[in-house]
Amino acid sequence: MSNDLVIGMAGAGGDGIVSAGESLINAVAREGYYAILTKSFGPQIRGGESSCRLRVATEPVRSSGDTLDLAIALSWDDFLKFGAELPVGGRTTLVFESDSGLSPQDLSVAGVRPAETVAVPIAGLSKQATGAERSKNAVVMGLLSTWLGVSGERIVAGIRRKLGKKGDDVVAANERAFAAGAAYAAEHPLVRSRKLEAPLGAASGKEAPLKVLADGNEMSAAGAIFAGCEFFGGYPITPSSEIMHLLNGEIWKYGGSLLQAEDEIAGIGAVVGASFAGKKALTATSGPGMSLKTEMLGLATIAELPLVCVNVQRGGPSTGIPTKSEQSDLFQAAFSAHGDAPRPVLAPASVAESFVTTVEAFEIAETYQTPVIILSDQEIAQRKETFDPLDTSRLKVVSRRVPSEGELEHYARFRITESGVSPISHPGMAKGNYLASGIEHNESGAPTAGGEMHERMVAKRTRKLDPLKHERRYFSIEGDGGAPLALIAWGSIAGIAREALDRAAADGLRVKLLVPRLLYPVAEQVYRDFFTGVRAGLVVEQSYQGQLYRLIRMYVDVPAGLRSFAKPGSNPILASEITERLLGLSAELQRQRQNEVEPQE
Amino acid sequence: MSNDLVIGMAGAGGDGIVSAGESLINAVAREGYYAILTKSFGPQIRGGESSCRLRVATEPVRSSGDTLDLAIALSWDDFLKFGAELPVGGRTTLVFESDSGLSPQDLSVAGVRPAETVAVPIAGLSKQATGAERSKNAVVMGLLSTWLGVSGERIVAGIRRKLGKKGDDVVAANERAFAAGAAYAAEHPLVRSRKLEAPLGAASGKEAPLKVLADGNEMSAAGAIFAGCEFFGGYPITPSSEIMHLLNGEIWKYGGSLLQAEDEIAGIGAVVGASFAGKKALTATSGPGMSLKTEMLGLATIAELPLVCVNVQRGGPSTGIPTKSEQSDLFQAAFSAHGDAPRPVLAPASVAESFVTTVEAFEIAETYQTPVIILSDQEIAQRKETFDPLDTSRLKVVSRRVPSEGELEHYARFRITESGVSPISHPGMAKGNYLASGIEHNESGAPTAGGEMHERMVAKRTRKLDPLKHERRYFSIEGDGGAPLALIAWGSIAGIAREALDRAAADGLRVKLLVPRLLYPVAEQVYRDFFTGVRAGLVVEQSYQGQLYRLIRMYVDVPAGLRSFAKPGSNPILASEITERLLGLSAELQRQRQNEVEPQE
Amino acid sequence: MTAINRAHGLTAKDYKSALKPIWCPGCGDFGVLQSISRALAGVGRAPHEIAFVSGIGCSSRIPGYTTAYGFNSVHGRALPIAQGIKLANPDLLVLVAGGDGDGFSIGGGHVPHAIRRNLDLTYIVMDNQIYGLTKGQLSPTSPKGLPTVSSSYGSIEDPVNPLLYVLAYGAGFVAQGTPADMAGLADVIEEAIRFPGFAFVNVQSPCITFGHEDSQLKHHKEILQTLASLNHDPSNRLAAMDLAQEYGTKLYTGVFYRRPEPSATYDALARERQKELAPKALPRERILERFLAK
Amino acid sequence: MTAINRAHGLTAKDYKSALKPIWCPGCGDFGVLQSISRALAGVGRAPHEIAFVSGIGCSSRIPGYTTAYGFNSVHGRALPIAQGIKLANPDLLVLVAGGDGDGFSIGGGHVPHAIRRNLDLTYIVMDNQIYGLTKGQLSPTSPKGLPTVSSSYGSIEDPVNPLLYVLAYGAGFVAQGTPADMAGLADVIEEAIRFPGFAFVNVQSPCITFGHEDSQLKHHKEILQTLASLNHDPSNRLAAMDLAQEYGTKLYTGVFYRRPEPSATYDALARERQKELAPKALPRERILERFLAK
Ligand SMILES: Cc1ncc(C[n+]2csc(CCOP(=O)(O)OP(=O)(O)O)c2C)c(N)n1
Ligand SMILES: Cc1ncc(C[n+]2csc(CCOP(=O)(O)OP(=O)(O)O)c2C)c(N)n1
Ligand code: SF4
Ligand code: SF4
Ligand SMILES: [Mg+2]
Ligand SMILES: [Mg+2]
């Protein structure tokens with residue numbers, strides 16, 4: 001019995017492998033398991049190869065795992081195209097389409113002998129059950145239902161919901177194919193059982209409590225609705241478009257509106273306008289769009305207009321690799337604008353955190369009157385993940401500070417206050433009239449070219465963000481508090497670092513992990529505190545330059561042994577690699593210690 | 001007799017004060033003096049106040065100086081509008097228009113009593129000489145000619161050249177006004193003489209060797225012509241437009257062409273196209289334009305297309321302060337693009353260096369097939385400066401490495417070489433056909449989404465810039481090699497740091513100064529070497545965040561006592577402030593030393 | 001526009017701010033400011049219910065000289081910002097203004113989209129055929145052959161035709177004016193503001209400092225012809241396009257085109273949609289329930 | 001275009017690269033690729049003398065499938081890049097292609113300027129009224145009311161009219177085709193390439209995966225009308241504009257407008273200027289002498 005399984009499946013575009021993965025995650029989520037589903041496609045829009053990996057476990061999972069426990073290849077060629085994304089290892093049970101005519105020897109994976117190799121006539125079973133090969137994915141679901149021991153009922157109910165529109169015949173055919181798969185599996189049990197332990201609490205006999213099942217883009221959109229967002233302006237771009245799609249279905253219901261603009265500049269331009277008009281407003285994009293939004297972000301900074309901008313990172317630079325994840329837009333997020341224009345940058349480290357981070361981003365934007373950038377990434381944005389319903393009562397829904405009657409008497413929009421935050425009016429509010437501008441201005445908003453006023457205004461705009469650096473809630477610290485070894489990771493990589501932390505602790509290493517959700521401004525004191533007692537460590541990132549490592553160095557003196565462990569996008573970073581490196585660092589520290597104790601002669 | 005004088009003048013827009021400054025610098029340059037002229041205007045396009053400051057010396061000058069030796073106020077109100085840009089001090093001779101009815105007591109400058117106050121009926125002299133007040137500036141030139149002891153002939157010759165087109169009457173009137181001014185000054189010698197020493201070599205009796213007299217924008221354009229630039233694409237923006245203006249007059253003569261594009265994106269887009277077509281190409285802009293060019297710069301990086309992009313920095317963020325200088329676009333220059341997209345950033349520290357840096361930028365762009373950003377600033381770009389003709393023979397005019405016949409046999413445009421540089425073909429070259437793209441690609445240029453190829457390509461594009469970090473010619477180091485105190489400064493502020501270095505040395509401090517012309521990639525080894533023996537110091541910059549200081553920290557462990565000394569734009573940084581701070585640092589070091597020697601009880 | 005309800009008691013002065021314009025003495029934009037103020041007084045909305053957006057340029061300084069909520073934004077992006085404002089609060093009166101470069105060079109990509117969305121905005125371009133603020137470069141409406149600081153040997157490109165473009169984009173209201181006829185200008189601006197939908201007014205507003213001679217007020221007065229005097233029927237779009245072709249050679253003032261039955265605006269359609277869908281809303285704080293695995 | 005000199009011996013195959021298109025089976029762009037290859041074979045320039053620029057989109061992948069020097073650049077910016085190429089080397093044959101979104105949404109601001117400059121470029125838009133690459137959002141040419149992933153309740157904006165816009169911008173050559181008539185399409189593309197000046201071809205190229213039904217080849221075949229069959233006179237610009245108004249309701253193919261006496265191109269004028277000014281050049285290495293204080 002397993003309590004944590006990783007299943008990888010691949011086939012041709014039409015094989016419906018991804019839809020099978022979606023049905024499965026739905027079913028296991030409803031059973032009370034925790035799960036993560038990631039999808040990956042070839043470069044074609046339609047057709048070509050497609051794949052997914054599903055991790056199911058009885059306890060919360062933090063990454064999509066590494067080596068597969070169960071691999072299902074509807075086509076071996078297509079399977080191989082996903083390379084390191086679907087890694088087969090010595091513990092893998094490899095299931096493949098027997099109609100392909102391949103024998104287990106043909107399934108060569110460099111340097112690996114799978115635990116077990118199982119040929120199944122998947123297409124044949126479909127044809128037998130339905131008269132056509134079209135329902136291969138239902139056969140696969142049937143196989144998995146039996147082998148994993150997951151309730152077939154739930155899966156079938158899911159199939160019904162999904163295919164209902166296509167008519168009773170289609171539903172019935174798929175049910176038959178599912179049954180054929182389930183029956184076949186029952187007759188051909190796996191040598192190495194892949195049965196799942198019952199989910200936690202299942203013994204109670206009660207229905208499992210409902211879990212949220214969503215991807216990061218959905219949670220960004222939902223977070224915006226929760227936070228009171230009333231306007232979205234943006235332009236489609238992979239892998240962020242779904243935020244716009246979802247909001248387009250929802251936002252009108254709340255009296256809000258949405259503009260699919262002619263380009264990213266206009267998209268964020270409209271957001272700046274909506275914010276000026278007093279509304280909470282959002283835009284979302286990916287790298288190329290961020291590059292185009294640069295000027296408007298600078299405008300929002302100097303005009304002190306709140307807005308939230310999600311960047312779902314993909315492989316860069318330029319068009320780069322649109323469908324794969326990377327964490328290489330951090331420098332840009334912090335520094336793309338010309339002039340002294342600091343602005344907060346946040347990053348969620350899980351699907352659930354996409355919700356939380358979006359709500360926090362609006363809180364920050366509105367409180368400090370600033371654009372806020374959320375660095376999501378393709379991995380988080382597009383993977384489905386389960387989690388227990390969030391306690392949303394601790395989230396703050398905040399609106400900007402409008403001027404009081406008294407303040408409107410001699411209203412100065414950009415009043416230089418101690419905190420740096422000035423009350424903000426908006427069109428429609430009597431006596432609040434002012435001139436917003438990208439030109440440097442004095443307290444009342446009139447243009448100025450004076451150096452002294454400029455200095456005071458830049459100082460105000462910078463100072464107002466200081467409190468953020470002391471909000472410990474944006475930082476999660478785990479592990480051994482007094483550890484000499486440290487890990488820092490962010491975004492989707494943080495989940496892997498968390499697993500590495502557990503493994504390293506299990507290996508007897510003294511390690512701690514910092515996952516910052518606030519990346520900029522750099523919270524000097526938080527890092528300094530975290531570094532107390534730390535002698536070596538790794539900043540783990542999915543970029544070539546190790547951007548967070550460099551960013552921290554700008555503001556904090558880091559321990560001499562802190563290194564960057566960075567790889568560019570779509571090259572998976574494995575928990576095992578991290579642990580290995582930690583072991584190396586530990587050995588190095590011991591050598592140093594030895595040198596200290598036994599002086600060289 | 002002085003060998004170094006700073007003269008400041010201000011009046012209403014129509015008073016021609018700036019044109020007087022231009023005539024004067026022309027004349028003194030021709031005499032063999034060194035000089036710098038800066039101009040400053042009120043926010044109006046036409047009308048409003050205007051001013052200039054002229055520094056004249058017998059030896060090369062590196063900044064426009066600080067407190068004025070001679071101040072000329074055609075209107076006291078207008079003079080005051082320039083505040084700290086025209087600082088009056090205890091050593092200032094203050095000349096003012098007596099017709100204004102003001103008395104010396106009315107000329108209150110907070111906390112200052114000028115050395116001498118001289119009322120001159122400037123308007124009256126003009127009216128007397130010409131019948132109108134229009135020639136006040138000629139009167140001023142006459143006054144200065146006598147008081148400074150600069151040949152009137154040269155000035156009059158300049159007036160003739162300048163006004164020739166306006167007809168003989170105008171020229172004659174101005175000559176009379178000039179003579180009136182000169183005569184008045186002869187009758188009213190200054191109590192504290194402001195006579196200039198003869199320029200170096202003047203004693204030889206020969207004509208002074210010709211000097212170059214130009215501003216930074218002119219030198220950027222000239223550098224581009226020198227380097228073989230054949231295309232300019234851009235969009236007007238203050239304070240960079242003059243680069244386009246000048247090239248528009250010149251580039252066609254060399255078979256090149258120019259496009260005033262519809263916006264900055266199209267401007268650099270055309271440059272990318274011209275570069276793809278095999279030509280050396282340039283664009284120029286300022287902050288807001290840089291923000292718009294972000295996406296195209298990323299494209300040029302991944303497509304490995306050479307181009308040079310000048311950013312004449314002004315006050316930011318956003319529209320900011322268009323007419324004033326600042327150094328706050330460094331973060332952007334290094335980091336604006338999404339993805340891992342390193343690119344070289346250069347900065348000239350004087351007008352002459354604008355020429356040199358532009359030639360070097362083309363050398364780097366073409367050699368390494370990369371966009372190169374030049375960070376000029378408004379101060380350098382728009383001030384007139386004299387310098388001795390450059391020895392241009394040491395400048396390299398380099399063209400990109402095209403593939404050989406053999407290489408074309410199996411041509412792979414993005415061949416992964418050890419240096420990271422691959423031979424580059426262009427349309428028109430038989431057998432060199434390839435697909436350029438912003439999408440990640442393999443060696444032949446075909447799109448790829450593979451992580452491994454992506455990693456090799458990012459590594460190649462990063463690696464190829466490594467040699468730059470070892471080019472010592474981009475770094476100028478002055479002062480006491482073993483000094484414990486260090487200064488680092490760049491761009492127009494470097495000149496002030498140079499003066500501070502001299503003064504500090506004169507005060508007995510052991511200081512050295514590093515002026516980097518290459519700002520990015522950060523030349524780790526150069527800084528490490530420079531920091532050897534350094535215990536404290538200042539990175540002096542005209543920004544709020546101290547951007548170079550932060551940039552260095554990203555890559556280099558800096559001495560514990562290295563501080564940022566940064567002020568945002570248009571607030572002058574004075575050599576004396578720097579020296580003062582150095583004294584403070586030195587005192588601190590001594591205290592520390594004391595603590596080390598006498599252990600605390 | 002003769003019979004106007006002035007019961008609100010607001011006059012042109014109420015729309016002018018304390019900020020002193022720093023335009024060159026004699027700049028055409030002074031007249032435009034005056035005409036806009038008059039038009040606003042004609043319409044009579046309280047200044048705080050007006051949002052006035054511009055880009056960057058001499059002309060784009062105009063919002064700061066009014067008492068409306070102003071937004072002097074960035075070069076070329078006034079229209080996107082204005083659309084966001086209008087969608088966020090359709091009750092506001094939203095004005096947009098700027099230069100020929102701001103609108104038809106760097107901002108040219110936004111014009112067709114603002115028009116095809118048909119938000120209820122009024123867009124006023126101060127067309128001086130030059131870049132004023134940056135000291136005299138070619139603008140997209142500069143006549144072919146014009147030598148400027150950026151076209152030392154004369155321009156070699158045809159000018160943009162704002163009137164024809166905007167008609168082709170399908171704008172419901174298209175007019176032209178000049179400060180050489182202030183009353184006429186105030187009238188078309190007021191009519192544009194009152195038009196329910198996107199309205200465009202091209203104002204020939206001379207740059208006295210860098211503009212060429214033929215673009216000055218004196219010349220305008222000589223050549224100006226009102227469309228009314230030509231008996232032009234403003235409901236005839238093709239005729240309007242034909243007249244618009246004369247841009248750059250003739251100076252027609254008045255209304256080129258006014259759609260007889262204005263179509264629904266984006267902001268109105270958005271409101272409808274909001275009303276229709278409101279009943280389907282889950283309370284914001286319960287939005288996560290939509291994502292429960294069931 | 002019947003009598004073509006094919007002495008060069010190049011065939012359509014010589015213009016197709018080894019890269020296998022990853023378009024969806026049945027995508028209209030296959031036909032466009034075939035037609036362009038045929039047209040290029042008709043013109044007969046060697047592939048290495050051709051620069052083929054695109055933006056981003058399914059359609060924008062096309063340069064990679066040809067043997068020309070290709071540039072698959074960034075979304076919406078093909079035209080500025082192409083202009084730089086043409087000015088840098090006017091001897092090249094420069095083709096530009098992309099989608100309706102690429103050209104008329106994000107890239108829409110560049111179209112009028114490329115046209116008024118009149119560089120000798122051929123611009124082919126594969127207009128499928130949808131965003132293909134990003135999986136089915138509204139494009140600027142999508143019909144009003146269309147529900148898509150980004151317009152759950154139907155679009156509420158009027159579509160762009162590429163043909164009318166481009167005519168209003170003053171393009172010298174404007175045509176339309178569809179892969180439903182491959183021969184006709186190859187012909188207009190070849191004619192566009194041969195036209196001395198900016199030439200625009202709108203291709204109705206169906207997206208089989210996300211496009212709506214009325215935009216598919218089958219429907220094209222039913223409704224297609226050649227302009228020749230209507231006896232349209234392609235030298236009549238106003239008539240062309242009138243016909244162009246039917247965009248979205250009728251499918252006319254062939255040449256809408258061909259300027260009878262093509263005006264001088266920017267590249268040609270640039271060359272003239274270069275020749276004229278060459279004698280005034282100081283050698284590049286002596287350029288600093290211009291700045292000696294004399
Ligand atoms: C992104 C950006 N590019 C360029 C500029 C510089 N700039 C400011 S206004 C302007 C053009 C002004 O011309 P126009 O729009 O016709 O207005 P006018 O001054 O003539 O009224 C330019 C190029 C800028 N501020 N921002
Ligand atoms: C700056 C930028 N914004 C957005 C995108 C995402 N994107 C790529 S292609 C495309 C639109 C595709 O539509 P179209 O131009 O009509 O081409 P098609 O795929 O339909 O042929 C979009 C929005 C991008 N790559 N770059
Ligand atoms: S430069 Fe021209 S447009 Fe600008 S304020 Fe002066 S006259 Fe007006
Ligand atoms: S998505 Fe549409 S446009 Fe793109 S390749 Fe497929 S059919 Fe063609
Ligand atoms: Mg203008
Ligand atoms: Mg399309």
Side-chain angles (χ1 to χ4, degrees), chain A residues 26 29-30 210-214 218-219 222 225-226 228 230-231 233 250 252-257 259 261-263 265-267 269-279 281 295-296 299 303 355 386 389-390 392 397 425-439 446-447, chain C residues 17 19 22 46-51 53 56 61 63-64 67-89 91-92 94 109-110 112-113 117 266-267 270-271 273-282 284-294:
Chain A
N26 238 300
R30 198 54 199 83
L210 294 180
K211 287 198 161 45
V212 178
L213 173 61
E218 287 172 327
M219 288 300 95
I225 295 288
F226 184 93
E230 291 188 72
F231 185 77
E250 289 294 321
W252 313 95
K253 299 179 186 166
Y254 301 94
S257 50
L259 194 78
E262 56 272 25
D263 59 23
I265 300 176
V271 163
V272 165
S275 178
F276 173 67
K279 297 286 154 68
E295 191 189 17
M296 277 289 169
L299 173 63
F355 183 89
T386 60
L390 302 170
T392 53
V397 173
S425 61
H426 56 77
M429 180 180 280
K431 293 185 175 169
N433 313 35
Y434 75 100
L435 178 68
S437 74
I439 299 170
Chain C
S17 77
L19 222 56
I22 55 170
H48 73 270
E49 293 172 347
I50 303 171
V53 190
I56 294 288
R61 288 173 167 156
T67 50
Y69 273 90
F71 199 156
N72 189 353
S73 71
V74 289
H75 195 34
R77 315 300 170 187
L79 280 174
I81 292 176
Q83 292 172 70
I85 295 172
K86 187 70 184 177
L87 280 171
N89 185 354
D91 291 337
L92 299 173
V94 184
H110 304 302
H113 301 283
R117 284 183 201 121
Y266 192 102
D267 30 313
R271 280 198 164 178
R273 180 171 287 180
Q274 288 160 354
K275 221 182 268 170
E276 208 178 292
L277 295 172
K280 302 200 182 158
L282 207 61
R284 283 187 189 268
E285 60 282 7
R286 286 174 47 204
I287 187 74
L288 273 179
E289 291 174 19
R290 267 209 46 184
F291 301 91
L292 290 175
K294 276 185 245 193

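In what follows, every chain begins at residue 1, and chains take the letters A, B, ... in the order their sequences are listed.
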To the nearest 0.5 Å, tell me how far C:Glu49 CD sits from A:Asn433 CG. 10.0 Å
C:Ala270 versus chain A, the contacting section by heavy-atom distance below 4.5 Å: both
Hey, does C:Ile81 have a side-chain heavy atom less than 4.5 Å from the side chain of A:Met296? yes
To the closest 0.5 Å, what do you measure between CD1 (C:Ile56) and CD1 (A:Ile439)? 4.5 Å
Smallest heavy-atom separation, A:Leu299 atom then C:Ser73 atom, equals CD2-CB, 4.0 Å
Report yes if the side chains of A:Phe226 and C:Leu288 come closer than 4.5 Å at any heavy-atom pair, otherwise no. no
Under 4.5 Å to a heavy atom of chain A? For C:Lys294 that would be both
With sequence neighbours excluded, what pairs up with A:Phe231 under the ring pair (Phe, Tyr, Trp, His ring centres under 6.0 Å) test? none
For A:Gly273 versus C:Ile85, what's the shortest heavy-atom pair and its separation? O-CG1, 3.2 Å
Can you say whether A:Val212 sits under 4.5 Å from chain C via the side chain, the backbone, both, or neither, judging by heavy atoms? both
Between C:Leu282 and A:Tyr254, is there a side-chain heavy-atom distance shorter than 4.5 Å? yes
Where A:Leu210 and C:Ala293 come nearest, the two heavy atoms and their spacing: CD2-O, 3.3 Å
Tell me, out of A:Ala303, A:Ala214, A:Gly278, A:Ala222, who's got the most heavy-atom pairs with chain C below 4.5 Å. A:Ala222
Shorter than 4.5 Å, heavy atoms on both sides: which option in C:Glu276, C:Arg61, C:Glu285, C:His75 has the most such pairs with chain A? C:Glu285
pair C:Arg117-A:Leu259: side-chain heavy atoms closer than 4.5 Å: yes
Distance, nearest 0.5 Å, that separates NZ of A:Lys253 from CD1 of C:Ile287: 7.0 Å
Mind checking whether C:Tyr69 and A:Phe276 have parallel, tilted or perpendicular rings, split at 30° and 60°? perpendicular
Just wondering, do A:Glu250 and C:Leu277 contact through their side chains at under 4.5 Å, heavy atoms? no
Within the 4.5 Å heavy-atom criterion, are A:Pro389 and C:Leu292 side-chain neighbours or not? yes
Taking all non-hydrogen atoms of both residues, which atom of A:Pro427 and which atom of C:Asn89 are closest, and how far apart? O-ND2, 4.1 Å
Can you tell me how far apart CH2 (A:Trp252) and CD (C:Gln274) are? Round to the nearest 0.5 Å. 7.0 Å
Taking side chain as everything from C-beta outward and backbone as N, CA, C, O, which of these in C:Leu87 sits under 4.5 Å from a heavy atom of chain A? Side chain, backbone, both or neither. both
When only pairs under 4.5 Å are counted, which of A:Gly269, A:Gly438, A:Ser275 shares the most heavy-atom pairs with chain C? A:Gly269
Is chain C contacted by the side chain of A:Ser257, its backbone, both, or neither, given a heavy-atom distance below 4.5 Å? both
Shortest non-hydrogen contact from A:Ala446 toward C:Leu19: CB-CD1, 3.8 Å
Contact part of A:Lys211 toward chain C, heavy-atom cut-off under 4.5 Å: side chain, backbone, both or neither? backbone
For the atom pair CD (A:Glu262) and NE2 (C:His110), what is the distance rounded to the nearest 0.5 Å? 6.0 Å
Quick check on C:Ala68 against chain A: is it the side chain, the backbone, both or neither that has a heavy atom closer than 4.5 Å? backbone
Using a 4.5 angstrom heavy-atom cutoff, name the option from A:Val272, A:Ile265, A:Val271 with the most pairs to chain C. A:Ile265
Counting only heavy atoms closer than 4.5 Å, note whether C:Arg271 contacts chain A via side chain, backbone, both or neither. neither
